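In this chain, numbering begins with 1 at the start of the sequence shown. Values reported hereafter were calculated over all heavy atoms of this structure, with side chains retained and with hydrogens, waters and symmetry mates removed. Just so we're clear, the structure is a prediction, and the values are computed from it rather than from any experiment.
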Amino acid sequence: MATEKISLYNLAELKNTSDDALPNYLNSLKFKQSHFLTDVRLAIGYGAFIIAAACFGWDYKFGFENTKYYTAAAVATYALLNGFLTFWLSSVEKGTVYQGKAPSGETITIRTTTKKYDPTYYLTVAIEAKTGEPQTIEVSRSFTEWFDETGRFVAKPFQEFLASSVPAIGRQDPKRVKSVAQDMLGANPELLDSTLAGSGAGDEASSTAAETAEKKGKRRKN
């Protein structure tokens, strides 16, 4: 359980905390994370910073008149880099929080989103195996399933959600996989009670049938 509390009414904090926990869990299962998307974003950001710093430096040392053409070129390049960064975030990354390869060989890409005033965690998981067609899985679950009433993150239900929803994850952590039947019984206590009652009635009926058969056997011997 996390030591830091967050506001249960802050969707950004709920999402960011969940996003941070996701790669930690997958990497613990021997998934090999790819940092390509992050590296490209950092390279663009550092490039823009270097251009801005250089522009300031030569303007300070040589004056504006002597460097105005260089400054104009730097401003244009800076604008292009920021435009490309916007494109990269919106059209390439598109909310990607994890990209890597499972020990079984599948390439997995996970994107997460939230909707305004909706405390639900939406996942889109793209899986590419060495053979077969690419697979896309879309699942969602309420944040309340892995944040307690005080705002602390609880890892186990979050990991169960991932392992149960994504086969590539479930194969690496089968003990965290929950069946649909378990989810239905957990979400509906009345269904659980009726199931247990039915099981009890079935056991009782079986016991009665066994006793009756035993009595008939004794009569025949007599």
Side-chain angles (χ1 to χ4, degrees), residues 1-46 85 88-116 118-130 134-180 182-183 186-187:
M1 182 179 289
T3 57
E4 183 180 354
K5 297 180 182 179
I6 65 171
S7 172
L8 294 176
Y9 302 98
N10 190 324
L11 278 179
E13 287 190 0
L14 293 172
K15 181 181 183 300
N16 290 337
T17 302
S18 301
D19 288 348
D20 290 341
L22 199 153
N24 291 336
Y25 172 51
L26 295 186
N27 292 338
S28 73
L29 299 179
K30 307 303 181 184
F31 279 70
K32 187 176 181 181
Q33 185 175 4
S34 170
H35 298 282
F36 173 74
L37 296 176
T38 304
D39 290 343
V40 172
R41 189 199 321 158
L42 288 175
I44 297 171
Y46 281 124
L85 178 60
W88 184 263
L89 293 173
S90 61
S91 300
V92 180
E93 288 194 14
K94 294 188 291 187
T96 299
V97 297
Y98 190 88
Q99 190 174 55
K101 182 170 289 188
S104 52
E106 301 101 325
T107 299
I108 182 171
T109 301
I110 301 178
R111 296 182 173 93
T112 64
T113 58
T114 55
K115 297 179 181 179
K116 196 173 183 179
D118 180 11
T120 303
Y121 195 50
Y122 294 91
L123 268 74
T124 300
V125 185
I127 302 174
E128 295 183 15
K130 293 181 179 179
Q135 181 184 12
T136 301
I137 301 172
E138 294 184 355
V139 291
S140 60
R141 202 64 64 89
S142 173
F143 285 110
T144 57
E145 294 198 16
W146 54 83
F147 284 94
D148 64 18
E149 63 277 3
T150 66
R152 294 182 186 274
F153 176 81
V154 185
K156 183 179 178 181
F158 180 70
Q159 295 171 357
E160 289 176 343
F161 162 55
L162 294 173
S164 304
S165 303
V166 184
I169 300 175
R171 281 193 290 272
Q172 303 306 317
D173 194 9
K175 68 179 182 297
R176 290 282 189 260
V177 177
K178 295 179 66 178
S179 67
V180 176
Q182 287 176 315
D183 288 339

**Asked** Among pairs that include at least one residue of residues 9-29, which meet salt bridge (Lys or Arg N to Asp or Glu O under 4.0 Å), considering only residues two or more places apart or in two chains?
**Response** Lys15-Asp19
**Euclidean distance, Gln99 CD relative to Leu26 CG, rounded to 0.5 Å** = 12.5 Å
**Prompt:** Out of curiosity, Ile44 CD1 to Asp39 CG, how far, rounded to the nearest 0.5 Å?
**Reply:** 11.0 Å
**Asked** Would you say Ile169 and Tyr25 make side-chain contact, with heavy atoms under 4.5 Å?
**Response** yes
**Request:** Please name the pair of heavy atoms, one in Ile137 and one in Val166, separated by the smallest distance, quoted to 0.1 Å.
**Result:** CD1-CA, 4.4 Å
**Complete:** Value for CG (Asp148) from NZ (Lys5), rounded to nearest 0.5 Å, stands at 8.5 Å
**Item:** Side-chain donor or acceptor of Thr96 paired with backbone N/O of Tyr98 under 3.5 Å
**Value:** no
**Item:** Atom pair CZ/CG of Arg152 and Leu8 - distance to nearest 0.5 Å
**Value:** 11.5 Å
**Message:** Please determine whether side chain to side chain contact (heavy atoms under 4.5 Å, CB included) holds for the pair Leu22 and Ile110, giving the CA-CA distance in whole Å, both sets of side-chain angles, and the decisive distance to 0.1 Å.
**Reply:** CA-CA 9 Å; Leu22 199 153; Ile110 301 178; 3.6 Å; yes
**Prompt:** Under the side chain to side chain contact (heavy atoms under 4.5 Å, CB included) criterion, do Phe158 and Ser18 qualify, and how do the steps go?
**Reply:** CA-CA 8 Å; Phe158 180 70; Ser18 301; 4.1 Å; yes
**Asked** Do you know the tightest heavy-atom contact between Ala168 and Ile127?
**Response** CB-CD1, 4.4 Å
**Complete:** Those residues at least two apart in sequence (or on a different chain) that pass side-chain contact (heavy atoms from CB on, under 4.5 Å) with Pro103 are Lys30, Phe31, Gln172
**Asked** How long is the gap from CG on Leu123 to OG1 on Thr112, to the nearest 0.5 Å?
**Response** 6.5 Å
**Asked** Is a donor on one side and an acceptor on the other found under 3.5 Å between the side chain of Ser164 and the backbone of Lys178?
**Response** yes
**Item:** Candidate pair Leu37 and Trp88, rule side chain to side chain contact (heavy atoms under 4.5 Å, CB included), full reasoning
**Value:** CA-CA 9 Å; Leu37 296 176; Trp88 184 263; 3.5 Å; yes
**Prompt:** Quick one: does Ile108's side chain get under 4.5 Å of Val125's, heavy atoms only?
**Reply:** yes
**Complete:** All heavy atoms of Phe143 vs all of Leu14, minimum pair found to be CE2-O, 3.6 Å
**Message:** Whether the side chain of Arg111 engages the backbone of Glu93 through a donor-acceptor N/O pair (distance < 3.5 Å, no angle test) should be reported.
**Reply:** yes
**Message:** Going by side-chain contact (heavy atoms from CB on, under 4.5 Å), name the residues that satisfy it together with Thr113, two or more places apart in sequence or in a different chain.
**Reply:** Tyr122
**Asked** To the nearest 0.5 Å, how far apart are CG in Leu29 and CZ in Arg171?
**Response** 12.5 Å
**Item:** Partners passing side-chain contact (heavy atoms from CB on, under 4.5 Å) against Thr38 (at least two apart in sequence or in another chain)
**Value:** Arg41, Leu42
**Item:** Partner set under ring-ring contact (aromatic ring centres under 6.0 Å, His included) for Phe161, not counting sequence neighbours
**Value:** Trp146
**Message:** Filter on salt bridge (Lys or Arg N to Asp or Glu O under 4.0 Å), then keep only pairs touching residues 153-168, sequence neighbours left out; what's left?
**Reply:** none
**Asked** Could Lys175 and Asp173 be called an ion pair, given the rule that one side-chain N must be under 4.0 Å from one carboxylate O?
**Response** yes
**Asked** Do you know which two heavy atoms are closest between Ser165 and Pro167, and how far apart they sit?
**Response** O-CD, 3.7 Å
